[in-house]
A.B. asks: 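Take this structure, written in structure tokens, and hold onto it; I'll ask about it next.
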Amino acid sequence: FSPSDVTVLFVLGGPGAGKGTQCANLVNKYGFTHLSAGDLLRAEQERPGSQFGDLIRDHIKNGLIVPMEVTVQLLENAMAEALRSNTNARKGRFLIDGFPRKLDQAHKFEESVCPARVVLFFDCPETVMEERLLERGKTSGRADDNADSIRKRFRTFVETSMPVVDYYEKQGKVIRIDATPTPDQVFARTQTRLTEEFG
Ligand code: UP5
Ligand code: MG
């Protein structure tokens, strides 16, 4: 993908920080194409005939990161598909949600797809995220919204995914947003910061 055709924003933050919620707001308001790496993996897991179903199921339940080749390929396919479909005038603007969550993924995506313009980082304490996820777990049906999986997801986030945020921070690409207030307040703050960045 050429940077002239495509603008990529990575949307990062711990499990339950509100990445998906804020991406939905951004799509409604600005017409980004939203691609959640987790959603793409869950869809691939359910796809009949997928050779990766068991691998993905096992990794998600244990809060582990699926080998990057799988995830990068799913993202690349989804981006190509979005660019092919003519429905969205701003189809070249992508929110990549929940990815990259390991440094090797960041490097691989930059080499084989394109560099990100900015990284939105939703910053939220674990106690708040845990409460949100346990509440959602009552109805979500997600195999990882239980106390045991949540603990493992938090560990992976701290040990493996925060270094990605630090890496982009050093490049001056990170927009850090406090994700503890209400969704509307978080969105208002996000809009302000994006307007400062993009005008
Ligand atoms: N909520 C949201 N914002 C709120 C607010 N401001 N105040 C109060 N409540 C708020 O929100 C979570 C819940 O909180 C919802 O009930 C929401 O209403 C409420 P959501 O917007 O869904 O948060 P999000 O950050 O998107 O949480 P999610 O659970 O999706 O985050 P994860 O990062 O854990 O999940 P993801 O789907 O990205 O990944 C799942 C797994 O897939 C990973 O653990 C990993 O095993 C695998 N994966 C990979 O292997 N590689 C990848 O690249 C990506 C994923
Ligand atoms: Mg999500």
Side-chain angles (χ1 to χ4, degrees), residues 8 10-28 34-46 52-79 94-109 113 116 119-165 177-190:
V8 166
F10 288 147
V11 181
L12 301 180
K19 301 180 292 296
T21 302
Q22 296 306 325
C23 283
N25 288 336
L26 289 165
V27 168
N28 287 337
H34 173 210
L35 300 177
S36 157
D39 287 350
L40 290 170
L41 287 166
R42 283 181 286 271
E44 176 65 18
Q45 174 194 304
E46 297 305 325
F52 302 118
D54 290 340
L55 174 98
I56 294 172
R57 191 171 298 109
D58 188 59
H59 278 71
I60 287 185
K61 183 145 184 50
N62 289 303
L64 296 171
I65 294 163
V66 174
M68 66 173 172
E69 288 75 11
V70 176
T71 315
V72 172
Q73 189 63 59
L74 290 172
L75 283 168
E76 229 177 307
N77 293 349
M79 287 175 72
F94 291 96
L95 296 171
I96 310 273
D97 162 0
F99 176 96
R101 40 216 302 156
K102 194 174 175 188
L103 272 174
D104 65 353
Q105 294 179 330
H107 298 313
K108 166 95 175 151
F109 188 90
V113 187
V119 176
L120 279 176
F121 172 53
F122 291 104
D123 197 4
C124 198
E126 278 188 9
T127 47
V128 175
M129 297 193 290
E130 183 184 32
E131 200 180 315
R132 290 178 186 174
L133 292 175
L134 288 173
E135 182 60 33
R136 187 180 66 183
K138 292 175 187 168
T139 54
S140 70
R142 264 180 62 161
D144 58 351
D145 279 349
N146 58 78
D148 187 45
S149 294
I150 290 168
R151 190 172 41 79
K152 293 173 176 167
R153 290 157 74 190
F154 285 170
R155 184 186 306 159
T156 301
F157 178 69
V158 170
E159 291 177 356
T160 311
S161 303
M162 270 313 287
V164 177
V165 178
I177 292 159
D178 176 11
T180 47
T182 67
D184 285 351
Q185 288 168 325
V186 175
F187 185 52
R189 190 72 195 129
T190 303

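Counting begins at 1 with the first residue of the sequence. Whatever order the structure lists them in is the order used to number ligands and atoms, beginning at 1.
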A.B. asks: Can you name the nearest heavy-atom pair linking Gln185 to Pro181, along with the distance?
C.D. replies: OE1-CB, 3.1 Å
A.B. asks: Just to verify, what does Phe10 make a ring pair (Phe, Tyr, Trp, His ring centres under 6.0 Å) with, not counting sequence neighbours?
C.D. replies: Phe109, Tyr168
A.B. asks: What residues, two or more places apart in sequence or in another chain, satisfy salt bridge (charged side-chain N to carboxylate O under 4.0 Å, His left out) together with Arg155?
C.D. replies: none
A.B. asks: List, ordered by chain and residue number, the protein residues whose closest non-hydrogen atom lies under 4.0 Å from any atom of ligand 1.
C.D. replies: Gly14, Pro15, Gly16, Ala17, Gly18, Lys19, Gly20, Thr21, Ala37, Gly38, Leu41, Arg42, His59, Ile60, Leu64, Ile65, Val66, Thr71, Gly98, Phe99, Arg101, Gln105, Arg132, Leu133, Arg136, Arg142, Asp144, Arg153, Ala179, Pro181, Thr182, Pro183
A.B. asks: Go through the structure and list residues passing side-chain hydrogen bond (donor to acceptor under 3.5 Å, both in side chains) with Asp104, not counting sequence neighbours.
C.D. replies: none
A.B. asks: If you compare all heavy atoms of Met79 against all heavy atoms of Leu35, which two are closest, and at what distance to 0.1 Å?
C.D. replies: CG-CD1, 3.5 Å
A.B. asks: If the threshold is 4.0 Å, N to carboxylate O, is there a salt bridge linking Arg153 and Asp145?
C.D. replies: yes
